[in-house]
Each structure stands twice: as structure tokens, then as C-alpha cells.
A.B. asks: 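Starting off with a structure, shown below.
Proteins come first, then strands; the chains are lettered A, B, ... in the order of their sequence lines, and each starts at number 1.
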Amino acid sequence: MKQHIYQLFTQALVAIKNKNIVTMEATVDYRVERTKDAQYGDFACNIAMLLAKSARMAPRKLAEQIVTHLPPSEFITKIEIAGPGFINLFLSPQAYHTVIKDILAKNDTYGISQIGAGKSVIIEFVSANPTGPLHVGHGRGAAYGSALANLLTVASFNVFREYYVNDAGRQMDILAVSVWLRYLELCGETIPFPANGYQGDYIWDIAASLHREHKDTLYYPTAQIYEQIPPDSDAGGDKEKHIDALIQQAKKLLGEVAYRHVFREGIDSILNDINQDLQQFGVEYDQWFRESTLTTSQTVQTAIEQLTQAGHTYRQEGALWFRSSQFGDEKDRVLIRENGQFTYFASDIAYHFNKLKRGSAHLINIWGADHHGYIERVKASITALGENAERLTILLVQFATLYRGQERLQMSTRSGQFVTLRELREEVGCDAARFFYTQRKSEQHLDFDLELAKSQSIDNPVYYIQYAHARIASVFRQLSDRQLQWDVKQADLTRLDTSHEYNLLVTLARYSETIENAAHAYAPHQITNYLQTLAQDFHTYYNAHTFLVEEEALRHARLSLIAAVQQVLRNGLKILGISAPEVM
RNA sequence: GUCCCUGUAGCAUAAUGGAUAAUGCACUGGCCUCCUAAGCCGGAGACUCUAGGUUCAAUUCCUAGCAGGGAUACCA
């Protein structure tokens, strides 16, 4: 409909240009918009105000000219010029009746927009380090990322969902050592657990299964392990040196094969846990991409080589540096450390290199706001590799600060102090949690008060929307209980003439526009807001009118309307990953 | 210091540069003999942080402040 009206104005513009009312060169990016208020009709166009200057006419005068040249349309019943020069258009009821038929014909596919035109996009989100369970901070990225992926799918993008697994590097060794030391405690040793180790309870669980599988075969006495290990921080030493020495000791004592076992036990069990957790949260991936494959496949080496050949690297103090400052970064960055190890950044370059080579039109990364400093350097590397950095969009999700009542909770994976996503789901429920996360735009800081989330769960707006869906389901149950029929073809849609029905029809018609706007802005929260409005319009209607009336043509019409509402609620909730219950 | 995000009713938020700034919670007065009261109707509550600028039009864009949060490794 919006398109249709836009076309009408384009034709009118051509007509007035031909009559030299405005100059031929005058081009203008005018808009056809939904009005805020029904008194301004259904759609408004701002073209007259934009053209007024170049036409040297008062906007309202010009608007009159445009209106007289507007081709007739069966859908438009009235045109008014209002305010500073808006052209307001009033639609005929028929224009809205087609919406109901359209929704009921398309069902689950209603609302699909073509703006993505099948373009492929790799969307990477969550990608939490596999050193512990997901906590509520990750939940926001998970909810936002999966909702955005769903939204873009509905907008006809070809979406590929990916989780980047940081399974290389020192932190994974620290994890392995943490598991091993807990295992040794299960063997009966008394271990001074390192300050820098992972102290969460989940480490015990992994150690226990390691112990079940390997019995005491990985056992070494404490005295032997701690021989020549520099002191930990609580003994006045350096906790980093302490844990690094422990890692070396573990590798030496266990040997490569046994160490691998411990290492794998740690990462596999955590990844498995993360995967399950996300699935239960309604998040599915097409691929779990392991950082370690980038070194085994030589991708890191290849990428660095390519940078070097292009002259974008140099050696200094034993390290290999990337001249990222020449590409907008604030300083140069190390790729290969003095000790010969690749930096995390080197893997990251290789990972993006890999993704760009896969031929996807676009990459989207969803990162926590703490990574914003990374944006420039990653984009710099893409440019330096000869690719277009615009192919990558990085969306930052601001932190969720967690409170329990007044108390602010500090979250740290290392110390084992955090509220897990799983606990959150169990406390507030999956639907409410997802709704809570996707209610606000991603750049907005989020104070997540657990007490509030729990206590408000009963009047959480998510139930308001779900209830609308369930209520409609209930009406149709009543229908069959009373042995009545419903058939769209027998509906006289012209009977939908109350203001409540008009409001609902307008809101329904706005759904496709909402999808497009939300997809364009990467903003699933707009769907959330929309659904709230739709549910509200429905609840109002529900209380104002009876649907199961005697008169058949009217009954069929009203039932068609609410069936359409239910369908749109279902489609919208699906994007958000929230269930649409039949009964509540 | 530099960089990023945010300042909107008591609270939490919304509003592709458009008209009288929207929603929920909290507050307040009503509505179940009626398709689910997890609902509805009414009331009250805002100089959209400040000062400039661009524009016919600014919550939105630009500049400078002020306030809150975050980032600033040869860590991952």
C-alpha cells in the first residue's frame, strides 16, 4: 500500500514537472509515512514541504498542485492538506479488508519482505569463551542475535548463524590445569588451588567425569607437581607466572597425549553444556567455528603472509607488527609475539579472512560493548587484505548490569561468581527472559534486576502478548463447542466498521512495514513494541465486542479479523523466539 | 588524555528529521449473571540534561559542555 501511494506521488511529480510548475532538475527524497493520529488519515506525504523552496511556492500551495495531479486510486477516499503542508491520505475500508485475506492466505509466511533479496549474510553472535557456562551477560547477545537472525530471515536474507569458539590460547590451558588440579583433589591430594585458575563449581563436575574415565592414571603427588613452581599471589608471588609454570608442569608430567585428554575433557564438556543451554534458550547455530582450525589449516599464516607481502607488517623488538594505524586504528598491533605465538588478534584476522572468502555478501558480528576498541583494527585488517571493510557490520550490545535488589552483582568467570543463563531461565522462564532482553534496543544499557524480573514475571508484558494469542485460541474453542462454523468466504468484511476494528486493521497492515523497518535498523525490539500494540488493540476489541454473535456474516467477519490477529502474533513471536501458547 | 554507548513523567523504556512526544510499572476512580479480569475504560503525571548550530520542521543530525556506564595489552 505504501509502495502504491509512493508511486502515485512519483507520477504526480512528473506531471507537475512537465507543466513547469517545478523545475525539471528538482529531485527530492520524499517520504510516504504512516500517520500518528487517525485525524490525519492513514498515510501522509511530505513532498510539498521539501519541494517548496526549489519551486518558490508556499508549501500548501504546492501541495494543492500536487494533489490535483495525483492519479486516482480506488483505495483512496479523501485527500487533505494540513499543517505546514502535509498531504494526508485517507484509505477506503476495502484497502484494509485485503489485509485480512492476505494474512489468512499466507499464514506463517505472512510478513515476509523481499528487502534482503536472498543476499547471504553470516551472523556471528555469543561466541563466549568456552571456559565456563553462559551467564546472564551472554543471554542478551544470544536473545538479540537469534532474534536478529530470525528477523533477517523473514526479510529474505539468506542467514547463516555462527558461533566462534576460542579453543586456542592460554586460557584453554588454564582451564585444563584447573580441571586437572580438581581431579587430583578427587584423588585425595590437597592442592593449593591457583588464584588465577577457574574456581567455579562446574570444574568439579568435569574433574569428576575425568576421574570416572581415567581413574587414578593421571595422578601425580602434589609435592612433585609443585616442585620448582614459583609462588602464587597469596604467597607474595606473581599469579600469572605461577599458573604458566603449572601449565608447563602439567604438559611435562602428563605428556602430550594425556594432557590432550584433560584439555579435551574440559572444552568438550563446556561446549556441550553451552550448546544445550543455547538450544533450550531457543538458539540454534549452523556452524560452530573453532579457532584452532585456523592454525591447523594455515589460515592464520596465509593471512599474515598476505599482509606482509602487501607491505603492511614490520618487525620490532622480536615481534611482528601490523601497521593498522595506517588504516584508521589508533596504534599498530602485534600479530606474532616475541615468543613466537600468534596473538588473539592474528586469529581474528584469519577468521574474518576466512568468512570473507566464503562468498557471503555481508558479515554481521554481535559483540559485547567492551570489544568496541576492536572494531577499528579488525576493519583495518580487512582493508589491508584488499577487501571492502563495509562488508562487515559490527553491532555492539551494551552490558547488562546485574542486580539482586539493591545489590550489584559482580560477574567473573574466573572467580566462579556469576548467575548462569540456565539459572535465569529456571527462575523467570525462557519466554520472559527472551522478552526482557529484546525489549530494548541493543545500544541501551540494561539493568537486569533478578528480583524484579522474578517478581514481575506475572505481569511481565510478554504474558500480555501471549495472552492475546491464547484468548483468540479460546474463542475458536468456544466456537466448536457451540458447534458453530467459521469461514472467511462467508464473511462480510464491510461489517468491520467500528473504531476498534479500524484500529486493529491498521495495526495489522503495519506489520510488514514494521518488519522492514526493524530489519533495516537491525532492531528486533521494534517487533516487540509492535506486538504489544497489536495485543493491546486486540484486548480492547475483545472487551468492547462479542465475536460469537448470531448473525453469520458479522460473525464470520469478526472471526476472520481475530484469526488474522492471532496469525500475526504468532509470526511476530516466532521472530523473537517466544512461544505462542494456545492456553494460559 | 583519547574512543564508544546512554541522558525523555517518580521508575523502566519507545518514537526511518515531521503534526498534540508513545508504552508499561507505580499512583488514582470505575468494569466480571457476559467468548479466560494475566483483561478493559477513565484520571493525574514531561520546557525530551544544558548552551549553541543546520532545517519550513530536531527527542532524532552537527559543535561544545555536564552527568552515568564501558573501552583503552606482545590477555583471551
A.B. asks: Kindly write out the residues that satisfy side-chain hydrogen bond (donor to acceptor under 3.5 Å, both in side chains) with Thr533(A), not counting sequence neighbours, or none if the list is empty.
C.D. replies: none
A.B. asks: Under 4.0 Å: is that the gap between some side-chain N or O of Arg555(A) and OP1 or OP2 of C35(B)?
C.D. replies: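 No, because none of the side-chain N or O atoms of Arg555(A) sits under 4.0 Å from OP1 or OP2 of C35(B).
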A.B. asks: If you look at every strand shown and take non-hydrogen atoms under 4.0 Å, does Asn529(A) touch a base, only sugar-phosphate, or nothing?
C.D. replies: sugar-phosphate
A.B. asks: Pick the P atom in A22(B) and in G43(B), then give their distance to the nearest Å.
C.D. replies: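 It comes out at 13 Å once rounded to the nearest Å.
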A.B. asks: Does any nucleotide pair with A9(B) by Watson-Crick or G-U wobble geometry, both distances under 3.5 Å, and what is it?
C.D. replies: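 Across all strands, not a single nucleotide pairs with A9(B).
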A.B. asks: Paired with U48(B) by Watson-Crick or G-U wobble geometry, both distances under 3.5 Å: which nucleotide is it?
C.D. replies: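 Pair assignment: U48(B) / none.
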A.B. asks: Is C32(B) syn or anti, taking syn as a glycosidic angle within 90° of 0?
C.D. replies: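 What C32(B) shows is a syn base, its glycosidic angle lying within 90° of 0.
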A.B. asks: What nucleotide, of A15(B), C74(B), C40(B), holds the atom closest to the side chain of Lys441(A)?
C.D. replies: A15(B)
A.B. asks: Between N or O atoms, less than 3.5 Å apart, protein on one side and nucleotides 41-45 of chain B on the other: list the pairs.
C.D. replies:
| from | atom 1 | to | atom 2 | distance (Å) |
| --- | --- | --- | --- | --- |
| C41(B) | OP1 | Thr540(A) | OG1 | 3.0 |

A.B. asks: Contact class for Ala52(A) vs. all strands (heavy atom < 4.0 Å): base, sugar-phosphate, or nothing?
C.D. replies: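 The answer is nothing, as Ala52(A) stays clear of every strand by at least 4.0 Å.
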A.B. asks: Nearest whole Å is fine: how far is C5(B) P from Leu395(A) CG?
C.D. replies: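 In whole Å, C5(B) P and Leu395(A) CG are 13 Å from each other.
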A.B. asks: For atom P, what is the distance between G7(B) and A12(B), given to the nearest Å?
C.D. replies: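 After rounding to an integer number of Å, I get 12 Å for this pair.
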A.B. asks: Take atom C1' in U60(B) and the same atom in U55(B), then report the distance between them in whole Å.
C.D. replies: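 Their C1' atoms lie roughly 13 Å apart.
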A.B. asks: How close do Phe547(A) and Arg555(A) get, heavy atom to heavy atom, and via which atoms?
C.D. replies: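 That closest heavy-atom pairing would be O-CG, 3.4 Å.
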A.B. asks: What's the gap between G10(B) and A71(B) when it is taken at their P atoms, as a whole Å value?
C.D. replies: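 It comes out at 31 Å once rounded to the nearest Å.
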A.B. asks: Is there aromatic stacking of Tyr542(A) against G39(B), centre distance under 5.5 Å, plane angle under 30°?
C.D. replies: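 The base of G39(B) is not stacked with Tyr542(A) (the test needs centres under 5.5 Å and planes under 30°).
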A.B. asks: Would you say CD of Gln485(A) has more than 12 non-hydrogen atoms from neighbouring residues, nucleotides or ligands within 6.0 angstrom?
C.D. replies: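 For Gln485(A), atom CD is not crowded (no more than 12 foreign heavy atoms under 6.0 Å).
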A.B. asks: Go nucleotide by nucleotide along RNA chain B from the 5' end; which of Ala82(A) and Arg31(A) gets its closest nucleotide reached first?
C.D. replies: Arg31(A)
A.B. asks: Using the P atoms only, state how far C3(B) lies from A21(B), rounded to an integer number of Å.
C.D. replies: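 Going atom to atom, P in each nucleotide, I get 36 Å.
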A.B. asks: For the residue pair Ala82(A) and Arg60(A), what are the closest heavy atoms and their distance?
C.D. replies: C-NH1, 3.6 Å
A.B. asks: Could you tell me which nucleotide pairs with A19(B) by Watson-Crick or G-U wobble geometry, both distances under 3.5 Å, or answer none if nothing does?
C.D. replies: none
A.B. asks: Now, which nucleotide makes the Watson-Crick or G-U wobble pair with C35(B), with each of the two distances under 3.5 Å?
C.D. replies: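 Because no pair has both required distances under 3.5 Å, C35(B) counts as unpaired.
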A.B. asks: Provide the Watson-Crick or G-U wobble partner of U72(B), both distances under 3.5 Å; none if there is no partner.
C.D. replies: G1(B)
A.B. asks: Would you check if Phe86(A) stacks with the base of G18(B), given a 5.5 Å centroid limit and a 30° plane limit, both strict?
C.D. replies: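 Stack criterion not met.
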A.B. asks: Apply side-chain contact (heavy atoms from CB on, under 4.5 Å) to Asp481(A) and list each qualifying residue two or more places apart in sequence or on a separate chain.
C.D. replies: none
A.B. asks: Verify whether the ring centers belonging to Tyr164(A) and Tyr351(A) lie closer than 6.0 Å.
C.D. replies: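 Distance test on ring centres: under 6.0 Å, yes.
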A.B. asks: So what does His520(A) touch, heavy atoms closer than 4.0 Å: a base, only the sugar-phosphate, or nothing?
C.D. replies: nothing
A.B. asks: Grab the two heavy atoms, one from Gly85(A) and one from Ala48(A), that are nearest each other, plus how far apart they are.
C.D. replies: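 Looks like O-CB, 3.7 Å.
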A.B. asks: Report the residues that fulfil side-chain contact (heavy atoms from CB on, under 4.5 Å) with Ile115(A), sequence neighbours left out, ordered by chain and then residue number.
C.D. replies: Ser113(A), Ala155(A), Glu516(A), Ala519(A)
A.B. asks: Return the nucleotide paired to U59(B): Watson-Crick means purine N1 to pyrimidine N3 with N6-O4 or O6-N4, wobble means G-U with N1-O2 and O6-N3, both under 3.5 Å.
C.D. replies: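 Across any shown strand, U59(B) pairs with none.
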A.B. asks: How would you list, by chain and number, every residue that makes a side-chain hydrogen bond (donor to acceptor under 3.5 Å, both in side chains) with Thr514(A), sequence neighbours excluded?
C.D. replies: none
A.B. asks: Distances for protein N/O vs nucleotides 9-12 of chain B N/O pairs under 3.5 angstrom?
C.D. replies:
| from | atom 1 | to | atom 2 | distance (Å) |
| --- | --- | --- | --- | --- |
| A12(B) | O2' | Arg440(A) | NH2 | 2.7 |

A.B. asks: My understanding is that only residues two or more places apart in sequence, or in another chain, count here; which of them pass side-chain contact (heavy atoms from CB on, under 4.5 Å) with Asp238(A)?
C.D. replies: Glu240(A), Lys241(A)
A.B. asks: Need one value for Ala544(A): base, sugar-phosphate or nothing, where a base atom within 4.0 Å counts as base even if backbone is also close, heavy atoms only.
C.D. replies: nothing
A.B. asks: Which pairs with one or both residues in residues 314-330 of chain A pass side-chain hydrogen bond (donor to acceptor under 3.5 Å, both in side chains), sequence neighbours excluded?
C.D. replies: Tyr314(A)-Asp332(A), Ser324(A)-Asp329(A), Ser325(A)-Asp332(A), Asp329(A)-Arg333(A)
A.B. asks: Any protein N or O atoms within reach of nucleotides 71-73 of chain B? Criterion: under 3.5 Å, listing atom names and distances.
C.D. replies:
| from | atom 1 | to | atom 2 | distance (Å) |
| --- | --- | --- | --- | --- |
| U72(B) | O2' | Glu330(A) | OE2 | 3.4 |

A.B. asks: Could you check whether His469(A) gets within reach of a base, just the sugar-phosphate, or nothing at all, counting any heavy atom under 4.0 Å?
C.D. replies: nothing
A.B. asks: Going by salt bridge (charged side-chain N to carboxylate O under 4.0 Å, His left out), name the residues that satisfy it together with Asp29(A), two or more places apart in sequence or in a different chain.
C.D. replies: Arg31(A)
A.B. asks: Please classify the nucleic acid contact of Ala168(A) as base, sugar-phosphate, or nothing, using heavy-atom distances under 4.0 Å.
C.D. replies: sugar-phosphate
A.B. asks: For a quick check of understanding: with a heavy-atom distance under 4.0 Å over all strands, which category does Gln444(A) fall into, base, sugar-phosphate or nothing?
C.D. replies: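 The residue Gln444(A) makes sugar-phosphate contact but no base contact.
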A.B. asks: Applying the Watson-Crick and G-U wobble criteria at under 3.5 Å, what pairs with A26(B)? Answer none if nothing qualifies.
C.D. replies: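 Pairing partner, where one exists within any strand: none, as none qualifies.
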A.B. asks: Determine the interatomic distance between P on A57(B) and the same-named atom on U23(B); round to the nearest Å.
C.D. replies: 28 Å
A.B. asks: Counting only distance, no hydrogens or angles, is the base of A19(B) paired donor-acceptor with the side chain of Asn88(A) under 3.5 Å?
C.D. replies: yes
A.B. asks: Is the distance between the ring centroids of Tyr464(A) and His539(A) under 6.0 Å?
C.D. replies: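 Yes: the rings meet the under 6.0 Å criterion.
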A.B. asks: Rounding to an integer number of angstrom, what distance separates C4(B) and A46(B) when you compare their C1' atoms?
C.D. replies: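 These two C1' atoms come out 29 Å apart once rounded.
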A.B. asks: Both Arg482(A) and Ala523(A) contact RNA chain B. Which one's nearest nucleotide lies toward the 5' end?
C.D. replies: Ala523(A)
A.B. asks: Take atom CD of Glu550(A) as the centre, draw a 6.0 Å sphere, and report whether it contains more than 12 heavy atoms from other residues, nucleotides or ligands.
C.D. replies: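 No, the 6.0 Å shell around CD holds no more than 12 heavy atoms from other groups.
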A.B. asks: Quick one: is Tyr437(A) getting a side-chain N or O under 4.0 Å of the U13(B) phosphate, OP1 or OP2?
C.D. replies: no
A.B. asks: Looking at every strand, decide which applies to Gln39(A) at a 4.0 Å heavy-atom threshold: base, sugar-phosphate, or nothing.
C.D. replies: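 If one applies the 4.0 Å heavy-atom cut-off, Gln39(A) turns out to touch a base.
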A.B. asks: In whole angstrom, give me the gap between the C1' atoms of U13(B) and A26(B).
C.D. replies: 14 Å
A.B. asks: Aromatic rings Tyr163(A) and Trp288(A): how do their planes relate, parallel, tilted or perpendicular, breaks at 30° and 60°?
C.D. replies: parallel
A.B. asks: Tell me whether the rings of His352(A) and Trp367(A) are parallel (<30°), tilted (30 to 60°) or perpendicular (>60°).
C.D. replies: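 Plane angle over 60°, so perpendicular.
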A.B. asks: Can you name the side-chain hydrogen bond (donor to acceptor under 3.5 Å, both in side chains) partners of Thr546(A), sequence neighbours left out?
C.D. replies: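 Not a single residue meets the side-chain hydrogen bond (donor to acceptor under 3.5 Å, both in side chains) criterion with Thr546(A).
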A.B. asks: Check the interface with nucleotides 54-62 of chain B: list each N/O to N/O pair with the protein under 3.5 Å, or write none.
C.D. replies:
| from | atom 1 | to | atom 2 | distance (Å) |
| --- | --- | --- | --- | --- |
| C56(B) | OP1 | Lys53(A) | NZ | 2.5 |

A.B. asks: Does Glu501(A) pair with Arg495(A) as a salt bridge, N-O distance under 4.0 Å?
C.D. replies: no
A.B. asks: As a test of reading the structure: which of C4(B), U6(B), G24(B) is closest to the side chain of Gln532(A), going by heavy atoms?
C.D. replies: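 My answer, after comparing the listed nucleotides, is G24(B).
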A.B. asks: Just checking Phe476(A): base, sugar-phosphate only, or nothing, at a heavy-atom cut-off of under 4.0 Å?
C.D. replies: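 Nothing: the residue Phe476(A), judged by heavy atoms under 4.0 Å, touches no strand.
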